[in-house]
Each structure stands twice: as C-alpha cells, then as structure tokens.
Participant: 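This is the structure, below, for whatever I ask next.
Worth saying up front: this structure is predicted, and the values here are computed from it rather than measured.
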Amino acid sequence: MNPAEQTLPPDPLALHVDAAAQRQAARLAEESFARVFRLSVAEGDAERLKGVAQLCTDLADWAAAAADPEARALRLALLLAGMDQWGLAWSRAFGLVAIPALTELVGALRTGLDEAAEARFLRHFEGIAAAEENAIDFKVELRRGLHLALWHASIATGHRDEALRLAGELGSQLLALARSMPVAGWRLVADALAFIQIRCLAEGLAAEGVAQEATQALFGALARELPAPQRDLVMAHSARAVMAWQQAGRASQQVH
C-alpha cells in the first residue's frame, strides 16, 4: 500500500488524555527540559535544587488535575517520556554525559507515587511507545519542537563543522523517525522540512554562509537517504505546505 494511503487507527490513550492535553503535555515537557537544562549548566547546587523543587510541584499539579487515576498516570507518563526524549536528543547532539537537574526532577516526580500509582505510571509510560498511534498528538507536537530546536542550534553556531554535525544529527533523527513510524513518520519529516522552509522565508534565516550550507546539507542528506517512495512524498508534502503558507500570506495582504 502507498504510504500516503495508510492511516493510523484511533489513539486508544485519547480516552484518558485528549489531543489538546497531549499537545499541552508535549509543550510542558519542552519548557521543563529547557528550564532544567539551564539549571544544570548555569546555577549552583542550591539554586538548581530550588528550581527543580518548584518545577516538580508545577508538573505534579498539572498531572494531578486530571479527572481520574488513569488520566493522572498517563499525564505524568507523557511528561516524563517527553523530557526523556529531549534529554536523549540533547545528550547525543551535544555529547552531554549528564543533566543533573533532569535526573533530580524525574526522581522527584516518581518519589511521591504509591505502589498502585507507580504501576499505572509504568504501564502508560511503556504504552506510549508500544504502538505508533498511541498518544500520536503528543508525539507530533513533541517531535516538532525537538526538530526545530536542533535546526536552530545548527544555524546559530558560526562554526562550520559544528553546524554540519548538528544538521547531520537532525537528519539522523528524522530518518530514524521515518523508520520507526512507518505510517506517520514521513509526515513528521515533511512537517519538519516545511517548518524550516517557512522560517527561512518568513525570517530570512539560513540565507547565506554556514547556516545555509548546513540547511542545504540536511535537505540533501534526506533526499539521498530516504527510500524513494517516502522521499517523493516528503518533498511533495512539504512543498505543498510551504505553498499554502505563501498563498495564505498573499491573501492576507490583499484583504488589508
């Protein structure tokens, strides 16, 4: 079957945490990782522990606001799964051995769970990765943030080798995603490429020099390494998304 014709089954986890809350969980995971990363690299022990304690309270309160124990466990599992993916991606990209505040935050969030809550949490944590459709709205939002952050890091450095290395890491992650999610993965790759192109057009990013070279290297690597059917779908889908954005911009200008 053509990958474009395949559709995911309904997300069974949406019964507990709906699409909007899944996307919120992904954004909270991104924001929380950014905070613990800053705490780890820029603060002393006392300030780091204070920041982790406050963040733990905020995240635990958000998870606890769900209507029932299953939903609370899944909310917590989404938060920890998201921060774990950010930690892994940043560790690979920047060669980090440890992110102390992240380890402390994850431990603190699980310490307060009783035996039944811990069992529910582990079941949902494992369930998120058990099937492609599980928590799909969370996965889409999470990966979008990760991909754009890595691309921004690659174009922000003025060093050619570092820019190309980070672009290569992003390319590796996108290729792995296309393999691990055979139905939706190519769409997430296309989504990333479309967002990058739109940012370049809207904000004049990666227009020259090292940033442009790194971005072109990313697109070139994906064009070479993706299987031909996926590559054609990715490039066509991302091109349509960029064209739709351009048309919407022109329509908006005509209205005004």
Side-chain angles (χ1 to χ4, degrees), residues 11-94 96-130 134-150 152-153 173 195:
D11 173 13
L13 300 184
L15 295 172
H16 302 297
V17 177
D18 65 19
Q22 288 186 24
R23 289 191 289 270
Q24 186 180 9
R27 291 190 293 270
L28 284 171
E30 178 175 350
E31 293 164 5
S32 300
F33 177 77
R35 287 173 63 184
V36 297
F37 184 74
R38 285 194 297 270
L39 288 169
S40 292
V41 300
E43 301 292 349
D45 290 347
E47 283 301 310
R48 188 187 75 243
L49 293 172
K50 180 181 177 182
V52 167
Q54 181 59 58
L55 194 50
C56 179
T57 298
D58 294 343
L59 294 179
D61 286 348
W62 183 78
D68 59 72
E70 291 294 332
R72 289 193 285 273
L74 179 53
R75 280 192 175 205
L76 185 61
L78 289 168
L79 291 172
L80 268 61
M83 289 187 288
D84 182 58
Q85 287 201 38
W86 274 93
L88 287 172
W90 242 234
S91 295
R92 285 198 300 264
F94 298 102
L96 303 174
V97 176
I99 305 172
L102 179 60
T103 303
E104 291 160 356
L105 177 59
V106 169
L109 284 167
R110 293 184 62 179
T111 296
L113 300 178
D114 61 27
E115 188 174 341
E118 175 74 6
R120 282 191 295 269
F121 162 78
L122 288 172
R123 176 162 44 82
H124 283 302
F125 188 85
E126 293 169 359
I128 292 167
N134 290 0
I136 185 62
D137 289 280
F138 164 79
K139 291 172 180 174
V140 169
E141 190 77 12
L142 183 77
R143 298 306 308 189
R144 176 178 290 167
L146 257 174
H147 299 153
L148 286 177
L150 276 173
H152 275 292
Q173 291 202 24
F195 263 68

Participant: Are Glu104 and Arg48 close enough for a salt bridge, meaning some N to O gap below 4.0 Å?
Facilitator: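 Salt bridge present between Glu104 and Arg48.
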
Participant: Which atoms form the tightest heavy-atom contact between Ile128 and Ala135, and what is the distance?
Facilitator: CG2-CB, 4.4 Å

Participant: Go through Phe138 and Leu13 one step at a time and tell me if the side chain to side chain contact (heavy atoms under 4.5 Å, CB included) criterion holds.
Facilitator: CA-CA 10 Å; Phe138 164 79; Leu13 300 184; over 6 Å; no

Participant: Hey, does the side chain of Glu141 reach the backbone of Gln24 with a donor-acceptor pair shorter than 3.5 angstrom?
Facilitator: no

Participant: Heavy atoms, side chains only, cut-off 4.5 Å: are Leu122 and Glu118 in contact?
Facilitator: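 Answer yes - side chains close enough.
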
Participant: Work out which heavy atom in Arg75 is nearest to a heavy atom in Ala65; give both atom names and the distance.
Facilitator: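 That closest heavy-atom pairing would be NH1-CB, 4.2 Å.
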
Participant: Looking at every heavy atom in both Phe94 and Ala153, which two are closest together, and how far apart are they?
Facilitator: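 For Phe94 versus Ala153, the nearest heavy atoms are CZ-CB, 4.0 Å.
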
Participant: Out of curiosity, Arg120 CZ to Leu113 CG, how far, rounded to the nearest 0.5 Å?
Facilitator: 9.0 Å

Participant: Answer whether the closest heavy-atom distance between the side chains of Arg35 and Leu105 falls below 4.5 Å.
Facilitator: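 No - every pair of side-chain heavy atoms lies 4.5 Å or more apart.
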
Participant: So, taking the atom named CG in Leu74 and the one named CG in Asp68, what distance separates them when rounded to the nearest 0.5 Å?
Facilitator: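 CG of Asp68 is found 10.0 Å from CG of Leu74.
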
Participant: Side-chain contact test, heavy atoms from C-beta onward, threshold under 4.5 Å: evaluate it for Leu102 versus Ser40 and give yes or no.
Facilitator: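 No. Closest side-chain heavy atoms not under 4.5 Å.
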
Participant: Calculate, to the nearest 0.5 Å, the distance between atoms CG and CZ belonging to Leu78 and Phe125 respectively.
Facilitator: 10.0 Å

Participant: Tell me, do Arg143 and Gln85 make a side-chain contact under 4.5 Å, heavy atoms counted?
Facilitator: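 Heavy-atom side-chain distance check passes, below 4.5 Å.
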
Participant: Taking the side chain as everything from C-beta on, heavy atoms only, tell me whether Phe121 gets closer than 4.5 Å to Leu80.
Facilitator: yes

Participant: Do the charged groups of Arg123 and Glu70 touch, with an N to O distance under 4.0 Å?
Facilitator: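 Yes.
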
Participant: Hey, mind stepping through Trp90 and Phe33 against side chain to side chain contact (heavy atoms under 4.5 Å, CB included) and telling me if it holds?
Facilitator: CA-CA 10 Å; Trp90 242 234; Phe33 177 77; 3.7 Å; yes

Participant: Just wondering, do Glu43 and Lys50 contact through their side chains at under 4.5 Å, heavy atoms?
Facilitator: no

Participant: Is the shortest heavy-atom distance from the side chain of Trp62 to the side chain of Leu79 under 4.5 Å?
Facilitator: yes

Participant: Any non-hydrogen side-chain atom of Leu59 less than 4.5 Å from a side-chain atom of Met83?
Facilitator: yes

Participant: Keeping the roles fixed (side chain from Lys139, backbone from Asn134), state whether a donor-acceptor pair exists under 3.5 Å.
Facilitator: yes

Participant: Which pair of non-hydrogen atoms, one from Ala63 and one from Arg72, has the smallest distance, and what is that distance?
Facilitator: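 Looks like O-CG, 3.2 Å.
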
Participant: For Gln173 and Ala89, work out which heavy atoms get closest and say how close.
Facilitator: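 Where Gln173 meets Ala89 most closely, the heavy atoms are NE2-CB, 3.5 Å.
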
Participant: What's the separation between atom SG in Cys56 and atom CG in Leu49, rounded to the nearest 0.5 Å?
Facilitator: 12.0 Å

Participant: Might you point out which heavy atoms bring Gly82 and Leu142 nearest each other, and give the distance in Å?
Facilitator: CA-CD1, 3.8 Å

